[in-house]
Amino acid sequence: EGPIDRREDVSRVPKEPYAILDLFEWSDLDIEDDSEMSELYELLYEHYVEDHDSTFRFAYGKAFFNWALKTPGWKKQWHLGVRVKKTKKLVAFISAVPATLRVRGNTFKAVEINFLCVHKQLRNKRLAPLLIKEITRRVHLENVWQALYTSGTLLPSPISTCRYAHRPLNWEKLCDVGFSALPLGKTRAQMVAKYALPSITKCTGLRRMEVRDVDAVHSLFTRFQKRYQLTQLFTKEELTHLLLGDDEEQEKPDGEKVIVTYVVENTEKKITDFFSFYVLPFTVLNNSVYKSLGVGYLYYYATETGLDKPRYDAQATNELKKRLENLISDALVLAKGIGMDVFNAMTSQDNVLFLEDLKFGPGDGFLNYYLFNYKAFPVGGGFDSQTREYELEKRSDVGVVML
Ligand SMILES: Cc1c(C(=O)c2nccn2C)oc2cccc(OCCCNCc3cccnc3)c12
C-alpha cells in the first residue's frame with residue numbers, strides 16, 4: 001500500500017494554469033467576499049447534485065460553505081471557479097481543503113476534493129476533467145500528492161463503499177414530498193406512530209459542546225478513531241472548527257446552526273461521549289406545498305464505552321451497541337427539535353450497530369470513497385456488497401465522514 005506516483009517534485013509542476021476553452025477563464029473565488037459567496041451559493045443551488053429522479057437538490061447555504069471550505073489551512077487558490085470571459089458569470093467550481101489522512105498504518109498529507117459543479121447547460125464540454133486537472137496542479141504546487149473524494153457514481157476502484165440510511169423524523173412530510181411511501185396494509189397514523197420520538201433527550205449529563213471541552217473531546221476522539229482503518233487525523237484547531245464552527249456559528253442557537261455537537265459530562269465532570277450532526281437541507285423540486293426538506297447528517301462521534309476492550313469482543317460490542325442507541329436516539333430528538341424532517345447516516349463507523357433498532361431504513365444510495373495517487377486494499381464499508389445486508393459483526397472500517 002502507498003503512493004502510486006512517487007516523483008513528488010514541486011519544481012516539475014507547471015507554473016501556469018492549464019489552457020481552458022477560449023470562452024472561459026479561471027477564477028479563484030474569494031468566499032470572504034459576500035458577493036462572491038453569493039455567486040457560489042447560486043451556482044450550486046441551481047446546478048449541484050440531485051437525487052436520481054430529480055425530486056431533490058442539495059441546498060448548501062453560505063454558512064455551510066464557510067464551515068466546509070474554511071477549515072484551518074484553507075487556501076483561496078483551492079476554491080477554483082470558471083467564469084464566462086465576457087459576462088464574468090460563474091459557471092463551474094471545485095474545491096480542495098487540507099486533510100491529514102491515515103490508511104491503516106500510514107499517515108499522509110492530503111486534500112479533500114468536494115463541491116465539483118458544472119452549470120447544467122455546460123455539461124459534456126469536458127469541463128469537469130479540466131477542473132480536476134487544474135485543482136490537482138494547484139495542490140501539487142503546495143507539495144501535496146494525495147486526495148480523498150467521494151461520489152455517488154461508480155468510478156475506477158473505490159477504496160470503500162458505504163450505504164445510505166434514513167431515519168424519518170417527520171414521516172408525513174417525507175410521504176407528501178415522495179421520499180417515503182405508505183407500505184401496503186399500513187395507515188398514515190401507524191407510520192407516524194412508528195417514528196414517534198420523545199420530546200426530550202434521555203442521556204444523563206448531555207449538553208452542547210463548548211470550546212472548553214475541546215481537549216477532552218480531542219483526546220477521546222483520537223483514541224476512539226484508532227479502531228478504523230481509513231480516518232482523518234485532526235489537530236485540536238481542526239476539531240474545534242469541525243465540531244463547533246467559527247465564532248459566529250458558535251453564537252447561534254441550535255436551530256440556526258450548520259453543525260450541532262453535544263457531549264456527555266458525567267458526575268466527575270469527565271467527558272465520556274460526544275456526537276455531532278450537520279444540517280444540509282434539500283430543495284424540493286416541483287412540489288406545490290413544500291419548498292425544502294430539513295436533513296440532518298450524522299457526523300463524528302466517540303464514546304468511552306467499550307474503549308478498554310478489543311473492538312470485536314462480544315460484551316464490548318453489546319455495551320457499545322446499547323450506548324450508541326441511547327446517544328444517537330438523543331441526536332434524533334435534537335434534530336427533530338430543530339425542524340429536521342429526516343436524519344441521514346452511512347453504514348460507516350459503528351453505525352450498523354444502531355441503524356435497525358433506531359428505525360433507520362436502508363437508502364437506495366451508495367457513497368464510494370476514492371483515494372487519488374494512493375494504492376490501498378479495500379476498506380470495509382459496513383455492508384455486504386453482494387447481499388447488501390449490514391455487516392453487524394465486522395461493522396465498517398471507514399472512520400471518515402465526508403460532507
Ligand atoms: C445524500 C444523501 C441522501 C439523499 O440523497 C436523501 N436523503 C433524504 C432524501 N434524499 C434524496 O441520503 C443520505 C443518507 C446518508 C448519507 C447521505 O449523504 C452522505 C454525504 C453526501 N455528500 C457527498 C455527496 C455529495 C453529492 C453527491 N453524492 C455525495 C445521504
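When a ligand or atom number is given, it counts from 1 through the structure's own listing order.
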ask   = Quick one: does Ala165 get a heavy atom under 4.0 Å from ligand 1?
value = yes
inquiry  = Side chains of Gln229 and Arg104: any donor to acceptor distance under 3.5 Å?
reply    = yes
query = In ligand 1, which numbered atoms sit nearer than 4.0 Å to a non-hydrogen atom of Phe56?
reply = 11 (C)
task = Decide yes or no for Trp78 and Val111: does some side-chain heavy atom of the first lie under 4.5 Å from some side-chain heavy atom of the second?
result = yes
key: Nearest-neighbour protein heavy atom for atom 15 (C) of ligand 1, which is reported as residue plus atom name and distance   = Ala345 O, 3.3 Å
task = Say whether Leu403 and ligand 1 are in contact under the criterion: heavy-atom distance to a ligand atom below 4.0 Å.
result = yes
query = Evaluating non-hydrogen atoms only, which member of Phe179, Phe343, Phe282 is closest to atom 5 (O) of ligand 1?
reply = Phe282
ask   = Does a salt bridge link Asp33 with Lys76, judged by any charged N lying under 4.0 Å from a carboxylate O?
value = no
query = Is it true that the side chains of Thr283 and Arg57 contain a donor and an acceptor less than 3.5 Å apart?
reply = no
request  = Report the nearest protein non-hydrogen atom to atom 27 (C) of ligand 1: residue, atom name, distance rounded to 0.1 Å.
outcome  = Val49 CG1, 3.6 Å
ask   = What atoms in ligand 1 come closer than 4.0 Å to a heavy atom of Met346?
value = 15 (C), 16 (C), 19 (C)
task = With heavy atoms of Leu367 as the reference, note each atom of ligand 1 found under 4.0 Å away.
result = 29 (C)
ask   = Nearest protein heavy atom to atom 28 (N) of ligand 1, by residue and atom, and its distance?
value = Tyr164 OH, 3.8 Å
inquiry  = Between Glu210 and Gln250, is there a side-chain donor-acceptor contact under 3.5 Å, judged purely by atom types and distance?
reply    = no
request  = Just need the protein heavy atom nearest to atom 13 (C) of ligand 1, so name the residue and atom and give the distance.
outcome  = Asn344 ND2, 3.3 Å
Side-chain donor-acceptor contact under 3.5 Å, Asp28 with Trp26 = no
ask   = At a 4.0 Å threshold, what atoms of ligand 1 neighbour a non-hydrogen atom of Tyr278?
value = 20 (C)
key: Arg227 to Phe224 six-membered ring, cation-pi geometry met (6.0 Å, 45°)   = yes
key: Taking atom 18 (O) of ligand 1 as the reference point, the nearest protein heavy atom with its distance   = Tyr297 CE2, 3.5 Å
remark   = of all protein heavy atoms, closest to atom 12 (O) of ligand 1 is His166 CE1, 2.8 Å
query = What protein heavy atom sits nearest atom 1 (C) of ligand 1, and how far away is it?
reply = Phe58 CZ, 3.3 Å
query = Of all the heavy atoms in Gly363, does at least one lie under 4.0 Å from an atom in ligand 1?
reply = no
ask   = Does a donor on one side chain and an acceptor on the other come within less than 3.5 Å for Asn351 and Gln349?
value = yes
task = Could you list the atoms of ligand 1 found under 4.0 angstrom from a heavy atom of Met402?
result = 20 (C)
request  = For Glu325 and Ser329, run side-chain hydrogen bond (donor to acceptor under 3.5 Å, both in side chains): C-alpha distance rounded to whole Å, both residues' side-chain angles, the deciding distance at 0.1 Å, then the answer.
outcome  = CA-CA 6 Å; Glu325 280 168 2; Ser329 174; over 6 Å; no
Residues Thr317 and Arg395: side-chain donor-acceptor under 3.5 angstrom = yes
